[in-house]
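Some notes on the structure that comes next.
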Protein chains: 2
Amino acid sequence: MIQDPQKRLARYAKALGHPVRIFVLQTLSNQACCYSGDLTEVLPIAKSTLSQHLKELKEAGLIQGETEAPRIKYCINKENWKEAQQLLKAFFDL
Amino acid sequence: MIQDPQKRLARYAKALGHPVRIFVLQTLSNQACCYSGDLTEVLPIAKSTLSQHLKELKEAGLIQGETEAPRIKYCINKENWKEAQQLLKAFFDL
DNA sequence: CTACTTGTTCGTAATATTGCGAACAAAGAT
DNA sequence: ATCTTTGTTCGCAATATTACGAACAAGTAG
């Protein structure tokens, strides 16, 4: 009954379903990439909590992390980002 | 730190974060309105479960229900739908 | 009035989410 | 080799989500 595109759309939407994750994605969209330390400084949450949110975004496929020295550089996963964009566009253009 | 638009966007996204709710919204977008019985016939879930999903969509402001005889007619809440659309558009056009 | 239809609400259970601090791992600096 | 920095993982707790069936309300039909 419910098809794969609907599941994928729901998956992406779920990942967007928290203010912190929205903020993170906005930050990454604006400025290419960033380190999680940059985010911890700004956000009023524990670093372990931020780490979990980043993990969820990673598992949803919306971001990717690249080890770089002691830090990890997070970027948008452009391919999946585009898919989410298209699925949502199609959804609202119904 | 986190502003109201981000919270509202996250709220809408959260409401979209389940395949059944995506399906319901697609159905309502396509054909004006429908009764929850129409949905129960098609979806492989208990009517009480569907009722909960409809309640969440209602509380998120994305749909509205209108009592009509023994049934309830559900429609998109166009005002909030448009807001969600705009917030998401702005989000992805970053 | 007594069914019947339609949908919500309640009670329950299993699982997921959110959040924190403490402990841990990995790599660079001293 | 030791310390520092950076971020993850673990353990825990509180709350939310998802789902079902049974019971309940509200209106229609007989």
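Throughout, protein chains are lettered first and strands after them, A, B, ... in sequence-line order, and every chain is numbered starting at 1.
Contacts of A:Tyr74 classified as ring-ring contact (aromatic ring centres under 6.0 Å, His included), with partners at least two apart in sequence or in another chain: none. For A:Asp93, the side chain to side chain contact (heavy atoms under 4.5 Å, CB included) criterion is met by A:Lys89, B:Gln85, not counting sequence neighbours. Residues satisfying the ring-ring contact (aromatic ring centres under 6.0 Å, His included) test with A:Phe23, not counting sequence neighbours, are none.
Taken to the nearest 0.5 Å, the OG atom of B:Ser36 stands 13.0 Å off from the NZ atom of B:Lys73. Of the inter-residue distances, the one linking B:Thr27 atom OG1 with B:Asp38 atom CG reads 9.5 Å to the nearest 0.5 angstrom. Note that the CG atom of B:Leu87 and the CZ atom of B:Arg11 stand 13.5 Å from one another [nearest 0.5 Å].
Checking side-chain atoms of B:Asn80 against main-chain N and O of B:Leu62 turns up no donor-acceptor pair under 3.5 Å.
Within the structure, side chain to side chain donor-acceptor pair (under 3.5 Å) pairs that include any residue of residues 52-66 of chain A comprise A:Arg21-A:His53, A:Arg21-A:Glu56 (at least two apart or interchain).
A:Asp38 has its CG atom 14 Å from the C1' atom of D:dT5, to the nearest Å. Taking atom CD of A:Glu41 as the reference point, atom P of D:dT5 lies 13 Å away to the nearest angstrom. In this structure, CD of B:Glu66 is placed 16 Å from C1' of D:dG27, rounded to the nearest angstrom. Between the CD1 atom of A:Ile2 and the C1' atom of D:dT18 there is a distance of 13 Å, rounded to whole Å. Taking atom NZ of B:Lys73 as the reference point, atom C1' of C:dG7 lies 17 Å away to the nearest angstrom. Nucleotide C:dT9 holds its P atom 9 Å from the CD1 atom of B:Ile72, rounded to whole Å. In this structure, CD1 of A:Ile45 is placed 12 Å from P of C:dG21, rounded to the nearest angstrom. Spacing between atom NZ of A:Lys47 and atom C1' of D:dT9 amounts to 12 Å, rounded to whole angstrom units.
Residues from residues 10-23 of chain B with heavy atoms under 4.0 angstrom of DNA chain D, sorted by number: B:Lys14, B:His18, B:Arg21. Residues from residues 49-62 of chain A that place a heavy atom under 4.0 Å from any atom of DNA chain D, listed by number: A:Ser51.
If you find the closest nucleotide of DNA chain D to A:Thr40 and to B:Thr67, the one lying nearer the 5' end belongs to A:Thr40.
Of the candidates C:dT6, C:dT9, D:dT5, the closest approach to any side-chain atom of A:Pro70 belongs to D:dT5. Between C:dG21, C:dG7, D:dC20, one nucleotide has an atom nearer to the side chain of A:Ala46 than all others, and that is C:dG21.
Proximity of B:Ser36 to the phosphate of C:dG7: a side-chain N or O atom is located under 4.0 Å from OP1 or OP2.
When each of B:Leu28, B:Ile45, B:Val24 is paired with B:Leu39, the side chain to side chain contact (heavy atoms under 4.5 Å, CB included) condition holds for B:Val24 and for no other.
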